[in-house]
2 protein chains.
Amino acid sequence: MNATIKDVAREAKVSIATVSRVLNNSAVVTDETKQRVLDAIKKTGYKPNALARSLKIQKTHTIGLIVPDISSPFYPEVVRGIEDIASMYSYNIFLCNTDQKEDKEMNYIEILSEKQVDGIIYMGDIIRESVKQQLHDIGIPIVLAGTEDAESEFPNVNIDNKKASYDAVKYLLSLGHKKIGMISGPFDDPIGGVQRTNGYKEALSEAKIRFKPSLVVEGNFKARQAYLAMLKLLENNVDAVFAASDEMAAAAINAIFDSGFSVPEDIHVIGFDNTYLSYMFRPTITTIQRPAYDIGAVSMRLMTKLLAKEPIDDMHVILPHQLIVRESTGYGEEKK
Amino acid sequence: MNATIKDVAREAKVSIATVSRVLNNSAVVTDETKQRVLDAIKKTGYKPNALARSLKIQKTHTIGLIVPDISSPFYPEVVRGIEDIASMYSYNIFLCNTDQKEDKEMNYIEILSEKQVDGIIYMGDIIRESVKQQLHDIGIPIVLAGTEDAESEFPNVNIDNKKASYDAVKYLLSLGHKKIGMISGPFDDPIGGVQRTNGYKEALSEAKIRFKPSLVVEGNFKARQAYLAMLKLLENNVDAVFAASDEMAAAAINAIFDSGFSVPEDIHVIGFDNTYLSYMFRPTITTIQRPAYDIGAVSMRLMTKLLAKEPIDDMHVILPHQLIVRESTGYGEEKK
DNA sequence: TTGTAGGCGTTATCAA
DNA sequence: TTGATAACGCCTACAA
C-alpha cells in the first residue's frame, strides 16, 4: 500500500496539516519541523495522491484532446505541439480518438467532463451543432485547434483558409492560367467548402476573370468523387485546377492522365494540406501547408491562458500558411 | 456548480446510498424508487464525479502512455491501436511525450503514478535501468510495446528482431549475394545492436558463409555515422548491405553513389522500419515493416488482461513482421 | 429495500 | 507556528 499523508505525519510526529503545508509551501513552517517532515517523506516513500488533491481543489491539471485520427497525417504534429506546451505548464493530456463520429465525440466529451478535465482542445474538420452544444454545456474552457465554428463562439487557432485558397489560385494565375477549375469540399462545409471557394472567387475577381459556377465542382475531400469532378472540369477545358485536399488533387491528376492529358505539361494542379501523399505521388503535388505543430502549440498556450484567467488579446488566432511548389505546377521536384 | 449525488438524493427524496445503487446497479432497488432516481438525475443534470469515485474504489480506468515522439513515424499507428482497444474497454489514455530522455521519462512516470493510473504502456527503443527500476517500483501493471527489456521482466509485445534481420539477409542471399555487409545499431543496444546482428550471423551461417567481423560496422541509427560505415564496407567490396534502420540505409545509398557505384545495379541495400523515408527516397528502399497498429492493439489488450487479473497465456507476444521489397534490391517500384 | 455513517487522501479554516 | 476538523463527492458495510 502506498504511504499517505497520515503515515508521513505519524512518522514526523506532526499533524497532517503541517505535512500538507510543507508539501505546498502554503504557510510558514519552522525549518526544523520542515526537515522532519521532509525526512519522513523520504523514509515512507510518500507520493501525493493527485486524485484526492484534485477532488479537493477542483482542478486536475489535465486537459482532454478530441482528435479525429491520431494515425492520419497532420494530427500527430498538432498533438506534439500541444503536448510540448502542456508539459511546459505541467498539464497532462487525455487523448481521445473519434474518427470524427458524432457518438464517439459526444461520449468522449461526457467522459472527459466526468473525469473533471480542466479544458478540452477539439480538432476536426467540422464541428456539429450537437457537439458544440455539449462542449458549451460542460462549462469549461474549449479551444478549437485547426478548425473553427461558424459563429466563432469558441476560441480557436487556425490558418486563414480563404486566404490560403486565394494564394493557391493566385499562383496559378501568375503562371498564366486563365481557365482555372476548382474541386471544393462539400458546399455546406463552412471551411473546406465555403471559405476555400471564396478565396478562389476572390483571386479570380481580382484578376478580372469572371467567375463561372461550372468551373467549381463539389467534392468530399475523397478520391472517387474528385475523379469524377475532374472529368467534368475537363469537359470545360480548364488549364489548371485547385483541389481542396491533396487526395482530391491526386485523384484529379489520375483523371487527367486517364483522359490522355498530362500534368504538368497540359494542366497544372494544386492540392491542400501537404500530406505525405503530396510528396509521394508522382508527379509530386504543389500544395498548401498548414503549420501543424504551431497550431497545436498555440492552441495549448491559449488554453493555459484561459485556465489562468489571464487577459487574452485574441481569441481567434490566425497562423500563416505556406504554398509549397512541386512538380504538379511544373516547378520540378525539390531536393532534400 | 455541478449537481452531486446529494442533490439527486434530495430531489428524489431518497438517501445518497440509494442513488449510488442505481448508478452502479449494485443492489436491488425497487423499480419505482429507481425511476424516481433516474428522473432526478435527468432533472438535475447530474454527472458522476469520476475523481471521487476513483478515490474511493482505487481505480481510475486510465492508463499512461510513454512514447518517444508521437509525431515521428511508427508511433502514431501504435497509439491508434492502443486507443482503439482502450476505448473498447472504457479506458482513457494519458499521452506522454518524452523524446526518450531519461529525465522526462522519470518525471512522467512519477506523475502518472501520482495521478493513479491503473497501468503504463512504455514505448521506446531501449529501456534504461533507472526507468526500469522506477516502473517496477510504482507497482502497477506495465507493458512494453514495440520493445523489450533485457531480462524480460515486463510483459511485452514486439516483433522478433533477430528473425526480421535474418529474413532480410536471407533475402539478399537468395538474390545471389555472397559478400553481405551490415550496418548495425549500437553494439550495446540489445535489440538494434545484438539481436539484429545475430539474425545476420544466423542467416550467413545457415548459408555456410563464414562470418567476418569486418563486414559488420556499428552505427547509431543515424545518417552520418552510417555514411562513414558504408565507406568502410565499400573498402571490403560488399555486394549488398543490410542496415538496421531506414535512415542508415538511405545514408548508405548516398555513400555508395558518392563513391561512384549505383543502387541497385552494383549494390543492393535493405533498411528497417518502413518509415516514410523508405518509400520517399530514390531509389525506394526495401525494408522490414513492423505491424505498428497491431503492436499497440495487442499491448493494450494484454494490459486489460493484466488489470482484470485474467490468466495470461503469454506475457511476451511476438507479432509477424514483413519484408517489403522495393527498388534498392532491384525489384522495381511498387504500384499503388 | 432503504438509510446512516465512516472513509478514500487531500486542502483549508479556525483555534490554540 | 501548529493541530483539529470539516469538506471535496463517492462507495459500502452495517443497521434498520
Side-chain angles (χ1 to χ4, degrees), chain A residues 1-38 40-41 44-62 110-111 113-118 138-140, chain B residues 1-38 40-41 44-62 110-118 138-139:
Chain A
M1 215 52 236
N2 280 331
T4 77
I5 204 171
K6 262 188 203 161
D7 302 318
V8 177
R10 188 179 318 120
E11 180 68 32
K13 298 191 199 310
V14 296
S15 72
I16 62 171
T18 304
V19 177
S20 176
R21 286 187 189 106
V22 343
L23 247 31
N24 303 295
N25 292 325
S26 56
V28 193
V29 180
T30 329
D31 277 351
E32 192 228 313
T33 44
K34 185 171 182 175
Q35 195 53 53
R36 277 223 313 283
V37 171
L38 259 21
I41 287 176
T44 54
Y46 167 77
K47 271 184 216 150
N49 181 321
L51 246 39
R53 175 158 211 277
S54 290
L55 177 61
K56 181 67 191 175
I57 69 176
Q58 309 276 43
K59 278 195 183 56
T60 54
H61 255 258
T62 298
E110 183 79 19
I111 291 176
S113 165
E114 290 181 4
K115 294 214 169 171
Q116 314 295 120
V117 295
D118 295 342
I138 59 178
I140 57 176
Chain B
M1 215 52 236
N2 280 332
T4 77
I5 203 171
K6 262 188 204 161
D7 303 318
V8 177
R10 188 179 318 120
E11 179 68 31
K13 298 190 200 308
V14 295
S15 72
I16 61 171
T18 304
V19 177
S20 175
R21 285 187 191 107
V22 344
L23 247 32
N24 303 296
N25 293 325
S26 56
V28 193
V29 181
T30 327
D31 276 350
E32 193 228 312
T33 44
K34 184 171 183 177
Q35 195 53 53
R36 277 223 313 282
V37 171
L38 259 22
I41 288 177
T44 55
Y46 167 78
K47 271 183 217 148
N49 182 322
L51 247 38
R53 177 159 211 278
S54 290
L55 178 60
K56 180 66 192 179
I57 67 175
Q58 308 276 45
K59 278 194 182 56
T60 54
H61 255 258
T62 298
E110 184 78 20
I111 291 175
L112 289 174
S113 165
E114 290 181 4
K115 293 214 170 170
Q116 315 294 120
V117 295
D118 295 341
I138 59 178

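Residue numbers start from 1 in every chain, and the chains themselves are labelled A, B, ... in the order their sequence lines are given, proteins ahead of strands.
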Could you check whether [X] gets within reach of a base, just the sugar-phosphate, or nothing at all, counting any heavy atom under 4.0 Å?
X	result
B/Thr33	sugar-phosphate
B/Ser20	base
B/Leu51	nothing
A/Lys34	nothing

Length of the [atom1]-[atom2] vector between [X] and [N], whole Å:
X	N	atom1	atom2	value
B/Lys59	D/dT12	NZ	P	10 Å
B/Lys6	D/dC8	NZ	C1'	9 Å
A/Leu55	D/dA6	CG	P	17 Å
A/Gln35	D/dT2	CD	P	13 Å
B/Ile16	D/dT12	CD1	C1'	10 Å
B/Arg53	D/dT12	CZ	P	7 Å
A/Arg21	D/dA4	CZ	C1'	10 Å
A/Asn24	C/dT10	CG	P	10 Å

Are the charged groups of A/Asp31 and A/Lys34 less than 4.0 angstrom apart, N to O? no
Considering only side-chain heavy atoms of B/Ile5, which listed nucleotide, C/dT10, D/dT2, D/dC11, is closest? D/dC11
Side-chain N or O of [X] less than 4.0 angstrom from OP1 or OP2 on [N]?
X	N	answer
B/Thr30	C/dT2	yes
A/Asn49	C/dC8	no
A/Ser15	D/dG3	yes
A/Gln116	D/dC8	no
B/Thr18	C/dG3	yes

Looking at every heavy atom in both A/Thr60 and A/Ser54, which two are closest together, and how far apart are they? CA-OG, 3.4 Å
Minimal heavy-atom distance between A/His61 and A/Asp118, with the atoms involved, is N-OD2, 2.7 Å
Evaluate the criterion side-chain contact (heavy atoms from CB on, under 4.5 Å) for residue pair B/Ser113 and A/Lys47; output intermediate values, then yes/no. CA-CA 8 Å; B/Ser113 165; A/Lys47 271 184 216 150; 3.6 Å; yes
Start with the C-alpha distance between A/Leu23 and A/Ile5, add both sets of side-chain angles, then the distance that settles side-chain contact (heavy atoms from CB on, under 4.5 Å), and finish with yes or no. CA-CA 10 Å; A/Leu23 247 31; A/Ile5 204 171; 4.2 Å; yes
Record whether the side chain of A/Lys56 comes under 3.5 Å of the base of C/dA12 through a donor-acceptor pair of N or O atoms. no
